[in-house]
Amino acid sequence: MRFQKPLIPARLLRRYKRFLADVEPATGKQMTVHVANPGPMTGLAEPGTNVWLSRSDNPARKLAHSWELVEVDLGSGVELVGVNTAHPNLIVAEAIADGLIPELRGYASIRREVRYGRNSRVDFLLEAPDRPPCYVEVKKRPSDAPLGTG
């Protein structure tokens with residue numbers, strides 16, 4: 001995913017009240033940041049963990065920074081894991097548009113949040129004149145599931 005501005009590295013001090021975390025960036029000045037993930041984030045919120053923050057210029061926001069990524073070792077070296085639950089569909093949309101998913105290449109149009117059936121929506125509907133429609137649903141790992149599952 002392409003962030004609009006460079007992310008800010010920091011060290012996690014603690015996460016609390018589901019949507020808040022205290023972090024310490026390289027400046028050494030502790031700050032409270034927004035956490036856009038209501039789940040327990042098992043294995044992702046250990047104090048001392050390296051995290052990456054975005055900064056908003058919106059003066060109406062109570063907290064200017066949001067926790068976006070965390071560095072974890074899932075068994076094959078350190079990896080970045082997204083913690084902002086608003087991003088999975090954006091990441092998949094980017095990957096489809098950039099042709100990074102071979103099976104989903106070559107569709108003429110990509111529509112989001114398309115109604116189907118009686119009361120359902122699908123995350124993406126890919127269409128092309130010479131191909132059947134392709135319905136894509138993005139499933140997020142339940143935030144309380146152990147890492148490496150879901």
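In this text, all values refer to a predicted model and were calculated from it rather than measured experimentally. Throughout, residue positions are numbered sequentially from 1 according to the sequence presented.
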> When you look at CD of Gln4, are more than 12 heavy atoms from neighbouring residues, nucleotides or ligands closer to it than 6.0 Å?
Replying inline: no

> Should the heavy atoms of other residues, nucleotides or ligands under 6.0 Å from CG of Asp130 be counted, would the total exceed 12?
Replying inline: yes

I'd like to know if the side chain of [X] reaches the main chain of [Y], judged simply by a donor and an acceptor atom lying under 3.5 Å from each other, with no hydrogens or angles considered.
{"X": "Asn58", "Y": "Ala60", "value": "yes"}
{"X": "Trp67", "Y": "Leu69", "value": "yes"}
{"X": "Arg111", "Y": "Leu125", "value": "no"}

Is the shortest side-chain heavy-atom distance between [X] and [Y] below 4.5 Å?
{"X": "Pro47", "Y": "Leu13", "result": "no"}
{"X": "Val33", "Y": "Leu63", "result": "no"}
{"X": "Asp123", "Y": "Glu113", "result": "yes"}

Looking at every non-hydrogen atom in both residues, tell me the closest pair between [X] and [Y] and how far apart they are.
{"X": "Met31", "Y": "Pro25", "answer": "CE-CG, 3.7 Å"}
{"X": "Asn84", "Y": "Pro88", "answer": "O-CD, 3.6 Å"}
{"X": "Glu137", "Y": "Val122", "answer": "OE1-CA, 3.5 Å"}
{"X": "Asn89", "Y": "Arg112", "answer": "CB-NH2, 3.6 Å"}
{"X": "Cys134", "Y": "Leu104", "answer": "SG-CD2, 3.7 Å"}
{"X": "Ala10", "Y": "Leu53", "answer": "CB-CD1, 3.9 Å"}

What distance separates [X] [atom1] from [Y] [atom2], expressed to the nearest 0.5 Å?
{"X": "Arg55", "Y": "Glu68", "atom1": "CZ", "atom2": "CD", "value": "13.5 Å"}
{"X": "Arg11", "Y": "Glu71", "atom1": "CZ", "atom2": "CD", "value": "13.0 Å"}
{"X": "Ile8", "Y": "His65", "atom1": "CD1", "atom2": "NE2", "value": "3.5 Å"}
{"X": "Ile110", "Y": "Leu126", "atom1": "CD1", "atom2": "CG", "value": "5.5 Å"}
{"X": "Asn37", "Y": "Ser66", "atom1": "CG", "atom2": "OG", "value": "12.0 Å"}

Are [Y] and [X] connected in a single hydrophobic cluster, I mean Ile/Leu/Val/Met/Phe/Trp/Tyr linked by side-chain heavy atoms less than 4.5 Å apart?
{"X": "Val136", "Y": "Leu100", "result": "no"}
{"X": "Val35", "Y": "Val72", "result": "yes"}
{"X": "Val70", "Y": "Met41", "result": "yes"}
{"X": "Val51", "Y": "Tyr16", "result": "no"}
{"X": "Leu20", "Y": "Leu12", "result": "no"}

> When you look at Val114 and Arg121, which way does the side chain to side chain contact (heavy atoms under 4.5 Å, CB included) test go after all the steps?
Replying inline: CA-CA 5 Å; Val114 177; Arg121 288 181 187 264; over 6 Å; no

> Which residue pairs pass the ring-ring contact (aromatic ring centres under 6.0 Å, His included) test when at least one of the two sits in residues 73-127, sequence neighbours left out?
Replying inline: Phe3-His87, Tyr116-Tyr135

>> Using the rule given for side chain to side chain contact (heavy atoms under 4.5 Å, CB included), can you reason through Lys5 versus Asp57, listing the C-alpha separation, both sets of side-chain angles and the distance that settles it, and then say yes or no?
In response: CA-CA 11 Å; Lys5 300 176 188 174; Asp57 293 326; 2.3 Å; yes

